[in-house]
Amino acid sequence: MTARPICTRIAGTGSALPSRAVSNAELAQKLAQRGVETSDEWIIARTGIRQRYLAEPELSTAELGMRAARRALEAAGYDAGMIDLIVVATSTPDQVFPSTACLIQARLGAGGAAAFDVQAVCSGFVYGVTVADALIRTGNHRRALVIGAEMFSRILDWNDRTTCVLFGDGAGAVVLEAADKPGILASRLHADGSQASILCTAGRISEGAVVGDPFLRMDGQAVFKLAVNVLDASAREVLGDAGMTTAQIDWLIPHQANVRIMAATARKLGVKEDQVIITVDRHGNTSAASVPLALDEAVRDGRVQRGQVVLLQGVGGGFTWGSVLLRY
Ligand code: UT7
């Protein structure tokens, strides 16, 4: 008798946000005090963002990630002790090392589970799910937490209006588990390191000090153009792998950076606007946390139902991008 191939399914989702939402108007007022000019109208028209959550100084990436993970575990009906793999996607870790995954593992009480971080900026969650899926399908791991957790407010230059109005803090998580049918239907990851400079935080720690620029810098227009092209190609790649068509997508959950990028991607794919899950209006761009935050919201409000086909897409610094096609 041949062994059945192992597949991976989502057993539960969760998310967490800092307690304080900051509206565009409030942010514009604060920035004006520094001589930085922006407006609610500009931010909404160019991005669709109306507010973002900004963490209080004492909140850590690990704490926020742990809260999202707890909710995903609750939704799946599992104890932390039943998890044997923790993958955290973050570009804003609490420490140089150990990984945020290890810090979360300790807080959860999931001792013994393998734990490591994946650093692929806004594509991080899609990278993390792909890695965890592959490890589950080897048979070495049975139940994984994949968490996207970010504190982008810590790397924003509040004097740079081209970036500081765009980002927010948050975390989202899924429990993935071995199953006898998918679940995850196809996934593909890509990067183009030659485009590193269009979105980066170039500074590093050396000899007790930050060397180089510690703030996020972005050439917004260059990122915008690349994003629309790669998201369309990446969607078609995973659909091809799964032998499916765009007409079979029930829900598109792209990285939440800009409603204009999401609308352009949906248009190119022929996916209707009301099939796109959008949270960027309330969360801003939360980098690796944006896709699991949006997924959790859509699962909890009943839009995403068991059996439906969902396309998750990440794109961002690196330059990195990728897609995960799954049957929820
Ligand atoms: O998370 C990773 C993925 N990231 C992304 O996908 C972001 C991709 N890029 C974008 O979303 C857009 O390019 C932005 C939202 C960043 C910018 O929108 P845009 O339509 O490309 O605007 P722009 O950069 O062409 O700037 C237009 C004008 C400029 O003024 P001038 O030169 O026309 O006089 C900017 O100086 O808007 C000005 N501007 C602002 N004005 C008010 C830039 N930032 C602001 C601001 N408030 N915050």
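Each residue takes its place number in the sequence, starting with 1. Computation of the quantities below employed the complete heavy-atom set of this structure, encompassing side-chain atoms and omitting hydrogens, waters and symmetry-equivalent molecules. Because the structure is a prediction, the values reported are computed rather than measured. Numbering of ligands and ligand atoms starts at 1, following listing order.
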Does the protein place any heavy atom closer than 4.0 Å to atom 25 (O) of ligand 1?
yes
Enumerated ligand 1 atoms positioned under 4.0 Å from heavy atoms of Asn258
10 (C), 11 (O), 12 (C), 15 (C)
If we number the atoms of ligand 1 from 1 as shown, the ones under 4.0 Å from a heavy atom of Leu199 are 2 (C)
Within a distance of under 4.0 Å, is there any protein heavy atom near atom 48 (N) of ligand 1?
yes
Around atom 46 (C) of ligand 1, find the nearest protein heavy atom and jot down its residue, atom name and distance.
Thr38 OG1, 3.3 Å
For atom 23 (P) of ligand 1, closest protein heavy-atom neighbour
Gln221 NE2, 3.7 Å
To the nearest 0.1 Å, how far is atom 43 (C) of ligand 1 from its closest protein heavy atom, and which atom is that?
Trp42 CZ2, 3.4 Å
Working to the nearest 0.5 angstrom, can you tell me the gap between Thr138 OG1 and Ile6 CD1?
7.0 Å
For atom 5 (C) of ligand 1, closest protein heavy-atom neighbour:
Val223 CG1, 3.4 Å
With a 4.0 Å cut-off on N to O distance, would you call Arg67 and Glu63 a salt bridge?
yes
Arg282 side chain reached by Glu297 side chain, heavy atoms, under 4.5 Å
yes
Report, in ascending order of atom number, the atoms of ligand 1 lying under 4.0 Å from any heavy atom of Val165.
48 (N)
Looking only at distance, does Thr47 have an N or O less than 3.5 Å from an N or O of ligand 1?
no
Salt-bridged, Asp274 to Lys272, with N to O below 4.0 Å?
no
Heavy-atom nearest neighbour in the protein, as seen from atom 22 (O) of ligand 1, with distance rounded to 0.1 Å
Arg46 NH1, 3.4 Å
Identity and separation of the nearest protein heavy atom to atom 18 (O) of ligand 1
Arg260 NH1, 3.9 Å
Can you spot which of Thr286, Thr90, Thr61 makes a side-chain hydrogen bond (donor to acceptor under 3.5 Å, both in side chains) with Glu150?
Thr90
Kindly indicate, with the supporting measurements, whether the criterion side chain to side chain contact (heavy atoms under 4.5 Å, CB included) is fulfilled by Thr130 and Val324.
CA-CA 7 Å; Thr130 302; Val324 171; 3.7 Å; yes
Quick check: does Arg161 get an N/O under 3.5 Å from an N/O on ligand 1?
yes
Within this structure, what is the CG-CD distance for the pair Asp232 and Gln313, rounded to the nearest 0.5 Å?
8.5 Å
Considering only heavy atoms of Ile261, which atoms of ligand 1 have at least one such atom less than 4.0 Å away?
6 (O), 8 (C)
Check this for me - ligand 1, Cys122, N or O atoms closer than 3.5 angstrom, yes or no?
no
Taking Pro254's backbone N and O only, do any of them form a donor-acceptor pair with Gln256's side chain (distance below 3.5 Å, no angle check)?
yes
Only pairs at least two apart or in different chains count here, so list each side-chain hydrogen bond (donor to acceptor under 3.5 Å, both in side chains) that has a residue in residues 171-180.
Arg4-Asp180, Arg9-Glu177, Tyr78-Glu177
Nearest non-hydrogen protein atom to atom 1 (O) of ligand 1, with distance, is Asn285 ND2, 2.6 Å
Please evaluate residues Asp160 and Arg217 with respect to the criterion side chain to side chain contact (heavy atoms under 4.5 Å, CB included), reporting the C-alpha separation (whole Å), side-chain torsions for both, the decisive distance (0.1 Å), and the verdict.
CA-CA 9 Å; Asp160 176 7; Arg217 302 295 174 202; 3.4 Å; yes
Taking Arg20 first and then Glu26, would you say they form a salt bridge - that is, a charged N and a carboxylate O separated by under 4.0 Å?
yes
Within-cutoff protein neighbour (heavy atom, under 4.0 Å) for atom 29 (C) of ligand 1
no
Can you list everything that forms a side-chain hydrogen bond (donor to acceptor under 3.5 Å, both in side chains) with Asn285? Sequence neighbours excluded, please.
His255
Counting non-hydrogen protein atoms only, what is the nearest one to atom 9 (N) of ligand 1? Give residue, atom name and distance.
Gly220 O, 3.0 Å
Which segment of Ala257 sits under 4.0 Å of ligand 1 when only heavy atoms are counted
side chain
